[in-house]
Amino acid sequence: MEDFTPVSGLLGGLLIGLAVALLLWLNGRLAGISGIVGGLVPGGARDGWWRWAFVAGLVLGALAYVLVAGGADAVEVTASLPVLVVGGLLVGFGTRLGSGCTSGHGLCGLARSSRRSVVATAVFFGVAMLTVFVGSHVL
């Protein structure tokens, strides 16, 4: 957190909120990435054009940031590949089990005062804190 800047955090939050609101107002869809990407797999939803546009926007937005900022921030991954794969599969299973991910429940669900999203978001963050504690202090 040594590079935290409230202005960039506020600007990023406002842009995410604007994107979520625009998708809901203009397309009637919730911006949960697990549901959006889940609709792109074979046998998924038939309304794929806006899903591809959303995913393309995520990738192009990251590329635009790298171009404007003059490079990407360094990210250090200390976990092994098997741990990352198992973690990714567990997150995917959990989002399907919980009918959504942190973006869907945390951004859209909480903004709509959904009780299910309040519970899901509390569970997500509680398990994340427990996982970090166990990974950092127990294992």
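Everything quoted here is computed from the prediction, not taken from an experiment.
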What pair of heavy atoms forms the shortest contact from [X] to [Y], and how long is it?
{"X": "Ser34", "Y": "Arg96", "result": "O-NH1, 4.1 Å"}
{"X": "Val66", "Y": "Ala72", "result": "CG2-CB, 4.0 Å"}
{"X": "Cys108", "Y": "Ala31", "result": "SG-N, 3.3 Å"}

[X] versus [Y]: any side-chain heavy-atom pair under 4.5 Å?
{"X": "Val118", "Y": "Leu110", "value": "yes"}
{"X": "Val77", "Y": "Val75", "value": "yes"}
{"X": "Leu30", "Y": "Ile36", "value": "no"}
{"X": "Phe54", "Y": "Val37", "value": "no"}

Contacts of type salt bridge (Lys or Arg N to Asp or Glu O under 4.0 Å), residue Asp47, not counting sequence neighbours: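 Once residues adjacent in sequence are excluded, the partners of Asp47 under the salt bridge (Lys or Arg N to Asp or Glu O under 4.0 Å) criterion are Arg29, Arg51.
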Linked, directly or transitively: [X] and [Y] (ILVMFWY side chains, under 4.5 Å):
{"X": "Leu22", "Y": "Leu15", "result": "no"}
{"X": "Val55", "Y": "Trp49", "result": "yes"}
{"X": "Ile33", "Y": "Leu40", "result": "yes"}
{"X": "Leu18", "Y": "Leu11", "result": "no"}
{"X": "Val127", "Y": "Val86", "result": "no"}

Flag, side chain of Ser136 to backbone of Val132, donor-acceptor distance under 3.5 Å: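 Answer holds: yes.
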Check: Thr95 side chain, Gly92 main-chain N or O, donor-acceptor pair, under 3.5 Å: yes
What's the spacing between [X] [atom1] and [Y] [atom2] if we round to 0.5 Å?
{"X": "Leu107", "Y": "Cys101", "atom1": "CG", "atom2": "SG", "value": "8.5 Å"}
{"X": "Leu97", "Y": "Leu90", "atom1": "CG", "atom2": "CG", "value": "11.5 Å"}
{"X": "Tyr65", "Y": "Asp73", "atom1": "OH", "atom2": "CG", "value": "4.0 Å"}

Contact list for residues 79-124, test ring pair (Phe, Tyr, Trp, His ring centres under 6.0 Å), sequence neighbours left out: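 Non-adjacent pairs meeting ring pair (Phe, Tyr, Trp, His ring centres under 6.0 Å): zero.
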